[in-house]
Amino acid sequence: MDDTHNISVKLLDWYDVHARELPWRISPQDRARDVLPDPYRVWMSEIMLQQTTVATVKDYFLKFTAKWPNVEALSKASEDDVLRAWAGLGYYSRARNLKKCADMVVAEHGGNFPADVKALKALPGIGDYTAAAIASIAFDIPAPVVDGNVERVFSRLFAIDTPLPAAKPLIKTKVDSVLCPMRAGDFAQATMDLGATICTPKKPACTHCPIRDNCRALADFDPELFPYKLAKKEKPKRKGAAFVAVSPSGDVLLEQRRSSGLLASMAQVPTTEWNSRQDGVSDINGAPFSADWKHRGTIRHVFTHFELELIVWHAENVHSDGENYWWSTRENLPDEALPTVMKKVISCAIPDLF
DNA sequence: AACACGGGGGC
DNA sequence: GCCCCAGTGTT
């Protein structure tokens, strides 16, 4: 028995016993009977799981699949409906591509996801990873599924000392050489589960690892040294001010962000530009209109590529209005497409709202 | 190849 | 605080 086959057998045996039960997975009984999961649910979960943890995704997945149980239903929703439901999950281009992809599956594939890696990758929001994951999990098509977990598992397994992301092609080749073509979906999920639960970034549980005897990093080095990564750059800081205007009846003034760039098309309270430097006191000059603005504090929020500090101003009994604004009632505020940074801002001015 | 793109959890 | 995460699309 060659070593690569040995590895996949051990991984699958481990997975048969230790597979986690997750909302987007079929039951162990169905899995034992070779039943395949609904491609729509596999797709939905994989999009949500991009750069997002299982714990965060669970509630959103249940909400989305209850609201839109199939691709036709999602296709009938508006982009804004989807954006509002996605609010708080981050990477909002995923939500717009989700809607676009649903439309394309209905229009170009008769409402069925294509059982083909290339056709899947042609759909918006589906890249190398997700195309391989859907093909493997939903259709049992053998394809190398390489995410952050798998990169770590295989970097350690073969003690790959090329730093990421340059090592990615090599890792993909290794995964391709190990994967089990008879159980492509289970193999993909087994390697990701292993990375999430055993082969963790810090303090991996090597004693519980089903493939510890095959691991070069464990035998010759220290698994925690892998994967090698390029040093990351320092995050620049930006500052600005945000203005929470409240009407006599308690409504909050909102506007929609532009349709491209950061937090595209999401809702926000009026703000100044987010610049690299700004002196807090003069920020009030950036208010959208004059009012009895009161300073309520400062909130901080970290984005992928910069840190933001917003001074929060608050005014009540505001009557002013404008074409690009709307008033959101207190009851409706949780249903607006408000990103987390804006919930922080509004909570700073109006505590106990969310 | 580098960058833009959110947010939350673990330690 | 720092690191990571079931990545994709654009330039």
Side-chain angles (χ1 to χ4, degrees), chain A residues 19-20 22-25 41-61 83 86-98 100-101 120-138 143-153 155 163-169 172 175 185 187-197 199-204 224 226-227 229-236 238 257 260-266 268 299-308 337-344:
Chain A
R20 292 176 292 172
L22 299 168
W24 45 88
R25 285 190 177 167
R41 293 166 63 86
V42 173
W43 164 71
M44 179 76 72
S45 67
E46 290 302 341
I47 300 297
M48 289 183 171
L49 285 162
Q50 289 167 4
Q51 295 291 286
T52 310
T53 55
V54 165
T56 305
V57 164
K58 275 184 182 170
D59 287 345
Y60 282 91
F61 177 82
L83 230 33
W86 196 275
L89 198 51
Y91 283 142
Y92 297 98
S93 65
R94 290 186 296 174
R96 282 187 302 281
N97 283 333
L98 193 79
K100 272 191 218 161
C101 183
L120 285 165
K121 207 188 154 182
L123 294 166
I126 298 181
D128 278 334
Y129 162 77
T130 307
I134 296 173
S136 299
I137 298 168
V145 177
V146 183
D147 71 336
N149 286 311
V150 177
E151 285 174 358
R152 188 171 56 256
V153 169
S155 296
L164 286 169
K168 208 150 184 175
K172 192 174 281 194
V175 173
F187 178 83
Q189 294 177 91
T191 51
M192 293 191 281
D193 270 20
L194 187 75
T197 62
C199 196
T200 49
K202 306 288 181 190
K203 297 183 190 297
E224 261 193 53
F226 299 86
K229 291 196 174 182
L230 257 32
K232 46 190 64 156
K233 317 188 338 185
E234 189 184 347
K235 276 184 190 179
R238 296 187 202 171
R257 293 177 60 85
S260 64
L262 187 71
L263 304 174
S265 301
M266 298 293 284
Q268 67 170 15
I299 66 99
R300 281 165 240 287
H301 191 78
V302 183
F303 291 97
T304 313
H305 51 297
F306 68 92
E307 296 180 19
L308 178 65
L338 289 166
T340 297
V341 63
M342 285 301 143
K343 291 189 176 172
K344 282 188 192 174

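Predicted, not measured: the structure shown is a model, and the values here were computed from it. In what follows, chains carry the letters A, B, and so on, assigned in the order in which the sequence lines appear, proteins first and then strands, with residues in each chain numbered from 1.
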- Roughly how far apart, to the nearest Å, are dG9(C) and dG8(B) at atom C1'? 23 Å
- Message: For Lys168(A) and Asp128(A): C-alpha separation, side-chain torsions, deciding distance, then whether salt bridge (Lys or Arg N to Asp or Glu O under 4.0 Å) applies.
- Response: CA-CA 11 Å; Lys168(A) 208 150 184 175; Asp128(A) 278 334; over 6 Å; no
- Message: Under 4.0 Å, heavy atoms only, any strand: does Pro165(A) hit a base, just the sugar-phosphate, or nothing?
- Response: nothing
- Summarise how protein sits on nucleotides 2-11 of chain C as a single string, 5' to 3': B when a protein heavy atom is under 4.0 Å from the base, S for sugar-phosphate-only contact, - for no contact. --SBBBSS--
- Message: Measure NZ/Lys203(A) against P/dC11(B) and give the value in whole Å, please.
- Response: 9 Å
- Do any side-chain nitrogens or oxygens of His305(A) fall under 4.0 Å of OP1 or OP2 in dA4(B)? no
- By nearest nucleotide on DNA chain B, pick out whichever of Tyr92(A) and Lys233(A) is the more 5' one. Lys233(A)
- Task: Please check if the side chain of Ser136(A) supplies one atom and the backbone of Ala133(A) the other of a donor-acceptor pair under 3.5 Å.
- Result: no
- Message: What's Lys344(A) touching, base or sugar-phosphate or nothing? Going by heavy atoms closer than 4.0 Å.
- Response: nothing
- Gap in Å between the two P atoms, one belonging to dT8(C) and one to dG9(B), rounded: 23 Å
- Message: In whole Å, I'd like the distance from the CZ atom of Phe306(A) to the C1' atom of dG7(B).
- Response: 13 Å
- Task: Using the side chain to side chain contact (heavy atoms under 4.5 Å, CB included) rule, pick out the option among Val57(A), Asp147(A), Thr130(A), Ile126(A) that qualifies with Glu46(A).
- Result: Thr130(A)
- Message: Using a 4.0 Å heavy-atom cut-off, does Leu263(A) contact any base of the nucleic acid, only the sugar-phosphate backbone, or nothing at all?
- Response: sugar-phosphate
- Note on the structure: To the nearest angstrom, the CZ-C1' distance between Arg257(A) and dA4(B) comes to 13 Å
- Ring-ring centroid check His301(A) Phe303(A), cutoff 6.0 Å: yes
- Query: Within the distance-only criterion (no hydrogens, no angle test), does the side chain of Tyr60(A) pair as donor or acceptor with the backbone N or O of Ser45(A) below 3.5 angstrom?
  - Reply: no
- Glu224(A) has an atom CD; how far is it from atom P of dG10(B), in whole Å? 17 Å
- For DNA chain B, what is the dot-bracket line, given that a base pair needs Watson-Crick (N1 to N3, plus N6-O4 or O6-N4) or G-U wobble (N1-O2 and O6-N3) geometry with both distances under 3.5 Å, and | means paired with another strand? |||||.|||||
- Message: Using a 3.5 Å distance criterion without hydrogens, assess whether the side chain of Lys58(A) forms a donor-acceptor pair with backbone atoms of Pro23(A).
- Response: no
- Message: If I compare all heavy atoms of Pro227(A) with all of Arg152(A), which pair ends up nearest, and what's the gap?
- Response: CD-CG, 3.7 Å
- Item | Arg300(A) CZ - dG7(B) C1' separation (whole Å) | 18 Å
- Query: Closest approach of Ala196(A) and Arg20(A), non-hydrogen atoms and distance?
  - Reply: CB-NH2, 3.8 Å
- Looking only at heavy atoms, which two atoms of Trp86(A) and Leu98(A) are closest? And how far apart? CZ3-CD2, 3.9 Å
- Taking atom P of dG6(B) as reference, at what distance in whole Å does atom NZ of Lys343(A) sit? 15 Å
- Message: For a quick test of reading the model: is some side-chain N or O of His301(A) closer than 4.0 Å to OP1 or OP2 of dG6(B)?
- Response: no
- Query: Between the side chain of Glu224(A) and the main-chain N/O of Pro204(A), is any donor-acceptor distance below 3.5 Å?
  - Reply: no
- Message: Using the C1' atom as the point on both nucleotides, what is the distance between dC3(C) and dG6(B), in whole Å?
- Response: 16 Å
